[in-house]
Amino acid sequence: MEFYRGLDITTNKIPIDERKGVPHHLLGDVNPQNGEFMPLDFFLRVGSVISDNTSRRKIPIVVGGSNSFVHALLADRFDPQINVFDWSLPSSLISSELRYECCFLWVDVSFPLLSDYLMKRVDNARHGNDGS
């Protein structure tokens, strides 16, 4: 969701002044009027940024993404025509080899806690507060 322009408060998009000079690629890069950002789009756009970063000997950190986006990015053989979450498909059609060497960190937060933070961000934005 952070790829889309707008929705900054809803997605808790980190403001430029809080990025401490660390490049954040593709935030707000997609115009929602151009349609839905699909796993193939994620594969192509993020893959390109990763290639650019690694060519400059930088370690890319990918933050977020739905399961379908993460699969699209990381599967060694990504086929946008195959729904990897269709349990009736033979496993031979789904790539289990990874395209990159990577480390996964998973953060699990309860929905009520996320909802509270969202409401605070919306209230702060409505009242012109930055939340600090």
Side-chain angles (χ1 to χ4, degrees):
M1 296 305 296
E2 290 184 346
F3 282 102
Y4 291 110
R5 272 184 217 127
L7 299 178
D8 294 2
I9 295 164
T10 305
T11 61
N12 201 21
K13 197 177 296 172
I14 187 168
I16 292 172
D17 62 327
E18 292 181 19
R19 296 180 191 175
K20 310 283 187 208
V22 175
H24 287 62
H25 303 278
L26 305 176
L27 289 181
D29 195 55
V30 175
N31 183 344
Q33 294 179 345
N34 292 340
E36 187 176 352
F37 196 71
M38 302 297 289
L40 178 60
D41 301 312
F42 192 79
F43 169 83
L44 295 171
R45 305 267 300 267
V46 176
S48 175
V49 171
I50 287 174
S51 294
D52 177 59
N53 277 284
T54 56
S55 73
R56 293 181 288 113
R57 304 190 56 83
K58 302 292 183 186
I59 297 174
I61 298 173
V62 178
V63 178
S66 67
N67 289 341
S68 58
F69 279 23
V70 171
H71 174 81
L73 178 64
L74 297 180
D76 189 43
R77 293 178 291 114
F78 170 64
D79 182 344
Q81 301 302 315
I82 295 176
N83 176 3
V84 298
F85 303 103
D86 179 351
W87 295 103
S88 67
L89 288 176
S91 61
S92 61
L93 292 178
I94 301 169
S95 176
S96 61
E97 298 297 317
L98 296 178
R99 182 176 171 195
Y100 305 104
E101 287 186 45
C102 53
C103 171
F104 293 95
L105 301 175
W106 186 278
V107 177
D108 187 21
V109 180
S110 71
F111 182 76
L113 182 62
L114 286 176
S115 183
D116 287 346
Y117 276 104
L118 173 59
M119 295 309 295
K120 287 176 187 172
R121 288 194 308 270
V122 169
D123 287 344
N124 286 335
R126 186 179 313 142
H127 301 303
N129 301 329
D130 65 2
S132 45

Residue pair Val70 / Phe42: nearest heavy atoms and the distance that separates them: N-CE2, 4.4 Å

Donor-acceptor pair, side chain of Thr54 and main chain of Ile50, under 3.5 angstrom: yes

Hydrophobic cluster identity match, Phe69 and Val49, side-chain contacts under 4.5 Å: yes

Salt bridge (charged side-chain N to carboxylate O under 4.0 Å, His left out) contacts in which one or both residues fall within residues 90-101, not counting sequence neighbours: none

Gap between atom NE2 of His25 and atom CD1 of Ile61 - 0.5 Å precision: 10.5 Å

Shared hydrophobic cluster, Met38 / Leu44 (ILVMFWY, side-chain heavy atoms < 4.5 Å): no

Hydrophobic cluster membership, Leu74 vs Phe37, 4.5 Å side-chain cutoff: yes

Closest heavy-atom pair and its distance - Ile94, His71: CG2-CE1, 4.0 Å

Salt bridge (Lys or Arg N to Asp or Glu O under 4.0 Å) partners for Arg56, two or more places apart: Asp52

For the student: nearest non-hydrogen atoms of Glu36 and Asp41, plus distance: O-OD2, 3.7 Å

Ala72 to Pro39 - nearest heavy-atom pair and separation: CB-O, 3.5 Å

Single-linkage hydrophobic cluster, 4.5 Å side-chain cutoff, Trp106 and Val109 together: no

Non-hydrogen side-chain atoms of His24 and Val63 separated by less than 4.5 Å: no

Greater than 12 external heavy atoms within 6.0 Å of Leu98's CG: yes

More than 12 heavy atoms of other groups within 6.0 Å of Ile59 CD1: no

Distance-minimising heavy-atom pair for Leu73 and Gly47: CD1-N, 3.9 Å

Residue pairs, two or more places apart or on separate chains, that pass ring pair (Phe, Tyr, Trp, His ring centres under 6.0 Å) and touch residues 75-100: Phe43-Phe78

